[in-house]
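Just so we're clear, the structure is a prediction, and the values are computed from it rather than from any experiment.
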Amino acid sequence: SNNNLEGSIPATFGNLTELISLDLSSNLLSGQIPQEVLSIFTLAVYLNLSNNLLDGPISPHVRQLVNLAEIDFSWKKLSGAIPNTLGSCVELQFLYLQGNLLHGKIPKELMALRGLEELDLSNNNLSGPVPEFLGSFQLLKNLNLSFNHLSGPVPYKGIFSNPSSVSLTSNGMLCGG
């Protein structure tokens, strides 16, 4: 991280088949995240691409990161919907997608991520309801869904019963909670 790297992430990173973590954060990398990087199935610790100039959608190939504990794709220009295939990453403990241009609903497939300890989807354009299944995540300690366009009732079970662990600020259409 912090190496002033410029240009796109080389697809040849996909050939690094013994890699267990990859941190390219806080650089000047641009373009889309190559699907080859999302296919490095040996990644088990973290994939941190935060604070770059990357754009475009998150590829459905993210489903191949089944052993990964942490994904940090925050503070970029990623767009499109959160891929439902992210629900295949069942070892995830930390998921950071804040500060992007993501839109649509929070996919119900994320229900499979029962090991999540931190989830930050703030500062996007997400809409629809706050998923009730998040209240059943027993390990979830921090949940940030602020600065989106979420609507409807706020769940009240699990993490939602602890206001200091949840941020829902600036979602004008939420009620209850």
Side-chain angles (χ1 to χ4, degrees), residues 1 23-26 32-33 38 43 45-63 65-66 68-177:
S1 75
D23 186 350
L24 296 173
S25 63
S26 300
Q32 294 190 11
I33 301 170
L38 300 178
L43 283 174
V45 180
Y46 58 79
L47 175 57
N48 188 342
L49 303 177
S50 65
N51 294 298
N52 276 291
L53 304 172
L54 298 168
D55 58 21
I58 300 171
S59 169
H61 284 83
V62 72
R63 73 178 169 271
L65 299 174
V66 294
L68 197 56
E70 179 178 331
I71 290 178
D72 190 342
F73 291 172
S74 61
W75 303 109
K76 297 197 294 268
K77 297 177 184 174
L78 297 178
S79 58
I82 297 171
N84 57 13
T85 56
L86 197 53
S88 299
C89 303
V90 294
E91 297 298 323
L92 275 181
Q93 297 170 346
F94 305 94
L95 178 56
Y96 305 108
L97 298 177
Q98 73 270 22
N100 283 292
L101 303 170
L102 300 171
H103 61 79
K105 294 182 178 179
I106 298 171
K108 66 182 184 309
E109 290 80 2
L110 297 190
M111 185 184 311
L113 305 181
R114 297 205 168 276
L116 277 181
E117 295 178 33
E118 294 187 14
L119 175 61
D120 194 337
L121 303 177
S122 65
N123 293 281
N124 279 291
N125 294 310
L126 299 173
S127 58
V130 175
E132 286 203 32
F133 65 77
L134 294 173
S136 68
F137 287 8
Q138 296 184 352
L139 301 175
L140 192 58
K141 296 177 183 73
N142 291 304
L143 174 63
N144 191 346
L145 302 176
S146 59
F147 298 96
N148 279 292
H149 306 287
L150 300 173
S151 59
V154 176
Y156 56 90
K157 294 181 180 175
I159 193 166
F160 296 102
S161 65
N162 183 356
S164 64
S165 297
V166 179
S167 180
L168 297 168
T169 306
S170 292
N171 279 292
M173 302 298 285
L174 290 175
C175 57

Residues that Ser146 engages under side chain to side chain donor-acceptor pair (under 3.5 Å), provided they are two or more places apart
Asn144

Could you check if a side-chain atom of Ile58 sits within less than 4.5 angstrom of a side-chain atom of Phe73, using non-hydrogen atoms only?
yes

Taking the side chain as every heavy atom from C-beta outward, state whether Leu134 and Leu110 have any pair of such atoms under 4.5 Å apart.
no

Side chain of Asn148, backbone of Leu121: donor and acceptor closer than 3.5 Å?
yes

Steps toward side-chain contact (heavy atoms from CB on, under 4.5 Å) verdict (Asn142, Leu140):
CA-CA 6 Å; Asn142 291 304; Leu140 192 58; over 6 Å; no

Check whether Asn124 reaches the backbone of Leu102 with its side chain - one donor and one acceptor, N or O, closer than 3.5 Å.
yes

Compare all side-chain heavy atoms of Leu119 with those of Leu97 and state whether any distance is below 4.5 angstrom.
no

For the CG atom of Leu116 and the NZ atom of Lys141, what is their distance to the nearest 0.5 Å?
11.0 Å

Do you know the tightest heavy-atom contact between Phe147 and Asn171?
N-ND2, 4.0 Å

Please collect all salt bridge (Lys or Arg N to Asp or Glu O under 4.0 Å) contacts where either partner lies in residues 145-163, sequence neighbours excluded, each pair once.
none

Can you check side-chain contact (heavy atoms from CB on, under 4.5 Å) on Asp120 and Leu95, steps first, answer last?
CA-CA 6 Å; Asp120 194 337; Leu95 178 56; over 6 Å; no

What side chain to side chain donor-acceptor pair (under 3.5 Å) pairs are there with at least one residue in residues 128-138, not counting sequence neighbours?
Arg114-Ser136

How long is the straight-line distance from NE2 of His149 back to OG of Ser170, given to the nearest 0.5 Å?
10.0 Å

Which atoms form the tightest heavy-atom contact between Phe137 and Met111, and what is the distance?
CE1-O, 3.5 Å

So which atom in Pro131 and which in Pro155 form the shortest heavy-atom distance, rounded to 0.1 Å?
O-CG, 4.0 Å

Salt bridge (Lys or Arg N to Asp or Glu O under 4.0 Å): pairs with one or both residues in residues 161-174, sequence neighbours excluded
none

Nearest 0.5 Å, what's the NE2-CG distance between His61 and Leu38?
8.5 Å

Would you say the side chain of Asn48 lies within less than 4.5 Å of the side chain of Leu24, judging by non-hydrogen atoms?
no

Yes or no on side-chain contact (heavy atoms from CB on, under 4.5 Å) for Val66 and Leu68, after CA distance, side-chain angles and deciding distance?
CA-CA 6 Å; Val66 294; Leu68 197 56; over 6 Å; no

Among all residues two or more places apart in sequence or in another chain, which pass the side chain to side chain donor-acceptor pair (under 3.5 Å) test with Ser165?
Asn162

Shortest non-hydrogen contact between Arg63 and Cys89, atoms and distance
CA-SG, 4.3 Å

Are Val154 and Leu168 side-chain neighbours, meaning at least one heavy-atom pair lies under 4.5 Å?
yes

Evaluate side-chain contact (heavy atoms from CB on, under 4.5 Å) for Asp72 paired with Leu49, printing each intermediate quantity in order.
CA-CA 6 Å; Asp72 190 342; Leu49 303 177; over 6 Å; no

Sequence neighbours left out, what pairs pass side chain to side chain donor-acceptor pair (under 3.5 Å) with at least one residue falling in residues 91-107?
Tyr96-Glu118

When you compare the side chain of Asp55 with that of Leu78, does any pair of heavy atoms fall below 4.5 Å?
no

Taking atom OG of Ser25 and atom OH of Tyr46, what is their separation to the nearest 0.5 Å?
8.5 Å

Which distance, rounded to the nearest 0.5 Å, do you find between the OG of Ser26 and the CG of Asn52?
7.0 Å

Restricting to non-hydrogen atoms, name the atom on Leu113 and the atom on Leu86 that form the minimum distance, rounded to 0.1 Å.
CD2-O, 3.7 Å

Residues Val62 and Pro83: closest non-hydrogen pair is CG1-CG, 4.0 Å

Would you call Leu150 and Leu145 a side-chain contact if the rule is heavy atoms closer than 4.5 Å?
yes

Got Met173 and Ser127 here, is their nearest side-chain heavy-atom distance under 4.5 Å?
no

